[in-house]
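The figures that follow rest on heavy atoms only: side chains count, while hydrogens, waters and symmetry mates do not.
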Amino acid sequence: MYLALKVAMMKIVTDDSFMTTLRWFRDETELRQWAGPNFRFPFDEQSFKADLTVKSLASRVLLSEQQELLAFGQYYGRLDRCHLGRLAVSPEHRGQGVAATLMGALIDEGRTVLDVAEASLFVLANHESALRAYRRFGFGEADYPEQLPLENCLYLTYQDS
């Protein structure tokens, strides 16, 4: 949970959110860990928005009570689960429980909208901070019924205990 931050709401992504989020990635390695191999780099505002595919994926931001952008995430249906993607926490707010709040909000909304019981996500095995946050939340490794989309990729699932 948070130490000092209070979350006001989760809402649909705006143009201002895009501009803030794209500044969270300092280099191509960070971007690839977050967005995958099909995201263009270097990027500009138009390519960033296009590659996020916000027209086809539910894209949300988490805001503080002061309307500060804390986190970004997406969800969609995959294999009868609410599949989370492109989860990112503002560099200034990492390590404060924001990721757990974001995941909880996305899973709650996604399971309702998609009418599914479980959630899933992909993560690169060497993305240690993300993997730690997902495991702490309750995600566990699972077999993926198809070939994984990336080398060194793990498939994690979550369901309430």
Which donor-acceptor pairs under 3.5 Å do the side chains of residues 115-128 make with protein atoms, sequence neighbours left out?
| unit_1 | atom_1 | unit_2 | atom_2 | d |
| --- | --- | --- | --- | --- |
| E118 | OE1 | R81 | NE | 2.9 |
| E118 | OE1 | R81 | NH2 | 3.0 |
| S120 | OG | H83 | ND1 | 2.7 |

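- Here the shortest heavy-atom pairing between L148 and C153 reads CD1-O, 3.1 Å.
- In terms of heavy-atom proximity, L106 sits nearest to G73 at CD1-CA, 3.8 Å.
- Heavy atoms only, all atoms of each residue included: G110 and C82 are closest at CA-SG, 3.6 Å.
- A 4.5 Å side-chain heavy-atom check between L156 and Y158 finds every atom pair outside the cut-off.
- T53 places no side-chain N or O within donor-acceptor distance of the main-chain N or O of L57, the cut-off being under 3.5 Å.
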| task | Would you sort out whether D27 and F25 count as a side chain to side chain contact (heavy atoms under 4.5 Å, CB included), showing the intermediate values? | result | CA-CA 6 Å; D27 56 37; F25 306 101; over 6 Å; no
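- Between I107 and Y75 the shortest side-chain heavy-atom distance does not fall below 4.5 Å.
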| query | Does the pair R111 and D160 meet the rule for a salt bridge (charged side-chain N to carboxylate O under 4.0 Å, His left out), with working shown? | reply | CA-CA 12 Å; R111 289 193 302 192; D160 293 328; 2.9 Å; yes
| field | Derivation of the ring pair (Phe, Tyr, Trp, His ring centres under 6.0 Å) call for F48 and F39 | value | CA-CA 8 Å; F48 192 83; F39 216 90; 5.3 Å; yes
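- If you chain together hydrophobic residues whose side chains sit under 4.5 Å apart, V61 and M19 fall into the same group.
- M103 is listed as a side-chain neighbour of L84, based on a closest heavy-atom distance under 4.5 Å.
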| said: Please determine whether side chain to side chain contact (heavy atoms under 4.5 Å, CB included) holds for the pair F72 and L52, giving the CA-CA distance in whole Å, both sets of side-chain angles, and the decisive distance to 0.1 Å. | reply: CA-CA 11 Å; F72 172 92; L52 277 177; 4.0 Å; yes
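- Between L31 and W24 there is no side-chain heavy-atom pair separated by less than 4.5 Å.
- With a 4.5 Å cut-off on side-chain heavy atoms, Y134 and L87 count as touching.
- Using modelled atom types and a 3.5 Å distance limit, the side chains of Y76 and R78 yield a donor-acceptor pair.
- No side-chain heavy atom of R60 sits under 4.5 Å from any side-chain heavy atom of Q74.
- Distance alone, capped at 3.5 Å, places no donor-acceptor pair between the T20 side chain and the S17 backbone.
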| said: Does D51 form a side chain to side chain contact (heavy atoms under 4.5 Å, CB included) with F41? I'd like the steps, not just the answer. | reply: CA-CA 10 Å; D51 290 350; F41 188 88; over 6 Å; no
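- Atom CG of residue L63 and atom CD of residue E68 lie 9.5 Å apart, to the nearest 0.5 angstrom.
- Here Q33 contributes atom CD and S129 contributes atom OG; the two are 7.0 Å apart, rounded to the nearest 0.5 Å.
- The local environment of CD in E146 is crowded, with over 12 non-hydrogen atoms from other residues, nucleotides or ligands closer than 6.0 Å.
- Taking a 6.0 Å sphere around CG of D108, one finds it holds more than 12 heavy atoms contributed by other residues, nucleotides or ligands.
- Expressed to the nearest 0.5 Å, how far CG of L131 lies from CZ of R136 amounts to 10.5 Å.
- Pairing each heavy atom of D143 with each of Y155, the nearest pair is O-CD2, 3.8 Å.
- Side-chain N or O atoms of W34 include one that pairs as donor or acceptor with a backbone N or O of R86 at under 3.5 Å.
- Closest approach of P37 and R32 over heavy atoms only: O-NH1, 3.7 Å.
- Residues passing the side-chain contact (heavy atoms from CB on, under 4.5 Å) test with R26 are E30, sequence neighbours excluded.
- For the pair L70 and T101, the minimum side-chain heavy-atom distance is 4.5 Å or more.
- The two atoms that bring A71 and L102 nearest to each other are CB-CD2, 3.8 Å, heavy atoms only.
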